[in-house]
Amino acid sequence: LAKTTQPISMDSYEGQEVNITCSHNNIATNDYITWYQQFPSQGPRFIIQGYKTKVTNEVASLFIPADRKSSTLSLPRVSLSDTAVYYCLVVQGGGLTGGGNKLTFGTGTQLKVEL
Amino acid sequence: IAGITQAPTSQILAAGRRMTLRCTQDMRHNAMYWYRQDLGLGLRLIHYSNTAGTTGKGEVPDGYSVSRANTDDFPLTLASAVPSQTSVYFCASSVTGGGNEQFFGPGTRLTVL
């Protein structure tokens with residue numbers, strides 16, 4: 001499965017837009033890009049998933065260029081409560097026989113938001 | 001709705017002892033997972049189950065076993081704990097396997113002395 005590379009840490013201020021980029025050069029045709037968020041002492045929480053172009057939900061946007069070798073998670077107008085670790089994952093698409101054994105979390109990006 | 005519960009919240013265990021970490025979900029999800037999280041290594045998949053009655057090995061299965069007798073429960077057993085198994089353990093579930101959104105439990109902090 002495609003390995004992902006993302007920055008170890010990022011700093012921002014309240015009200016700014018934060019963009020976290022992830023590279024996944026070896027992504028396969030049926031792979032999806034998924035982002036999770038983890039607060040201290042909690043389990044990760046799903047944020048967004050996409051295959052190509054742009055996906056937006058109430059929390060974030062995910063931008064995926066045509067070659068799909070990278071993706072960018074965009075958090076609009078961050079607040080202190082967005083301080084967390086953000087994980088970029090490449091997951092194999094599919095149903096019951098899909099890649100449940102292939103979900104790989106890296107070390108993530110530690111985002112720190114200050115006043 | 002509780003989602004996923006894990007027990008115990010934390011445990012200190014002597015090396016060589018047997019320990020079972022419990023995980024229960026009430027969402028009727030088919031797939032369940034066990035991860036361990038260690039500083040600097042992120043989360044690593046230990047075992048998974050795509051549906052009741054089936055299990056599979058993840059990235060770091062050695063020293064751990066699982067069973068999936070029904071849809072709701074997915075216990076993780078350490079037959080003879082070793083200090084390197086000191087970690088935070090997370091259970092997760094998803095509607096199906098294959099990369100669907102995973103819902104995580106609150107975690108169990110295990111210390112093996």
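To find a chain, count down the sequence lines: A is the first, B the second, and so on, and within it residues start at 1.
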### Query
Heavy-atom distance under 4.5 Å between the side chains of A:Gln38 and B:Leu43, does that happen here?
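A side-chain contact under 4.5 Å exists here.
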Assigning hydrophobic clusters by single linkage (Ile, Leu, Val, Met, Phe, Trp, Tyr; side-chain heavy-atom cutoff under 4.5 Å), is [X] placed with [Y]?
X: B:Val66; Y: B:Val60; answer: yes
X: B:Phe90; Y: B:Ile46; answer: no
X: B:Tyr33; Y: B:Leu76; answer: no
X: A:Phe63; Y: A:Tyr86; answer: no
X: B:Trp34; Y: B:Tyr48; answer: no

Atom pair [atom1]/[atom2] of [X] and [Y] - distance to nearest 0.5 Å:
X: B:Phe103; Y: A:Phe46; atom1: CZ; atom2: CZ; value: 8.5 Å
X: A:Thr107; Y: B:Leu39; atom1: OG1; atom2: CG; value: 10.5 Å
X: A:Ile47; Y: B:Glu101; atom1: CD1; atom2: CD; value: 10.5 Å

### Message
Report, in residue-number order, which members of residues 105-113 of chain B are under 4.5 Å from chain A by heavy-atom distance.
### Response
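Counting heavy atoms that sit under 4.5 Å from chain A, the residues of residues 105-113 of chain B involved are B:Gly105, B:Pro106.
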### Query
Given a strict heavy-atom distance threshold of 4.5 Å, which part of B:Gln6 is in contact with chain A: side chain, backbone, both, or neither?
neither
### Task
Would you confirm whether B:Tyr35, through its side chain, and A:Gly43, through its main-chain N or O, come within 3.5 Å as a donor-acceptor pair?
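Side chain of B:Tyr35 to backbone of A:Gly43, a donor-acceptor pair under 3.5 Å: no, none is there.
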### Query
What are the two closest heavy atoms between A:Tyr87 and B:Gln37, and how far apart are they?
OH-NE2, 3.0 Å
### Query
Within a reach of under 6.0 Å around OH of A:Tyr13, are more than 12 heavy atoms found that belong to other residues, nucleotides or ligands?
no
